[in-house]
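Report on the following structure.
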Amino acid sequence: MLGLKLEDIKTELGIDYSDESVDARLNRYLLIADAWLKGAIGENYPTSDERAKQLALLIIEGLFDRNSNSVKENATINKLKQDFIMQLQCESLVFEDGSI
């Protein structure tokens, strides 16, 4: 599981208030982001890698914004997500001895 905390997610989203239903949604979205990354990159994706954390935050933001009727997704963010995924997928193919 990613090393993201609820407060990290709330900071990224600009949420500075406490609401149990929002917290529950964000925790559920964190589980969804983790599952999504496992499917996209692999079961043992590098959870401590900052790119993986940023991908998770982008996924969570997309899910959260979908519910708030705000559309922030753009071509640059989509390209960034695809680049991070490809990098992490390729890096997971290299074994410890450097062989593929």
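Of all heavy-atom pairs spanning L4 and L30, the tightest one is O-CD2, 3.9 Å. Across every non-hydrogen atom of I60 and A33, the tightest pair is CG1-CB, 4.0 Å. Between L2 and T47 the shortest heavy-atom distance is CD2-O, 3.5 Å.
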Give the table of side-chain donor-acceptor pairs shorter than 3.5 Å for residues 36-46, with sequence neighbours excluded, one pair per line with atom names and distance.
from: K38; atom 1: NZ; to: D34; atom 2: OD2; distance (Å): 3.2
from: Y45; atom 1: OH; to: D34; atom 2: OD1; distance (Å): 2.4

Taking only distance into account, with no hydrogens and no angle test, what donor-acceptor pairs under 3.5 Å do side-chain atoms of residues 49-57 form with protein atoms, sequence neighbours excluded?
from: D49; atom 1: OD1; to: R51; atom 2: N; distance (Å): 2.7
from: D49; atom 1: OD1; to: R51; atom 2: NE; distance (Å): 3.1
from: D49; atom 1: OD2; to: R51; atom 2: NH2; distance (Å): 2.8
from: R51; atom 1: NH1; to: Q87; atom 2: OE1; distance (Å): 2.7
from: R51; atom 1: NH1; to: E91; atom 2: OE2; distance (Å): 3.2
from: R51; atom 1: NH2; to: E91; atom 2: OE1; distance (Å): 2.6
from: R51; atom 1: NH2; to: E91; atom 2: OE2; distance (Å): 3.2

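A heavy-atom distance below 4.5 Å is found between the side chains of C90 and M86. Two residues are said to be in side-chain contact when any heavy atoms from C-beta on lie closer than 4.5 Å; I15 and F64 meet this criterion. Using a 4.5 Å heavy-atom cutoff, the side chains of Y29 and I59 are not in contact.
Judged by distance alone, the side chain of K10 and the main-chain N or O of Y17 form a donor-acceptor pair under 3.5 Å.
Taking CG of L26 as the start and CD1 of I32 as the end, the distance is 10.5 Å to the nearest 0.5 Å.
Partners of N27 by side chain to side chain donor-acceptor pair (under 3.5 Å), not counting sequence neighbours: none found.
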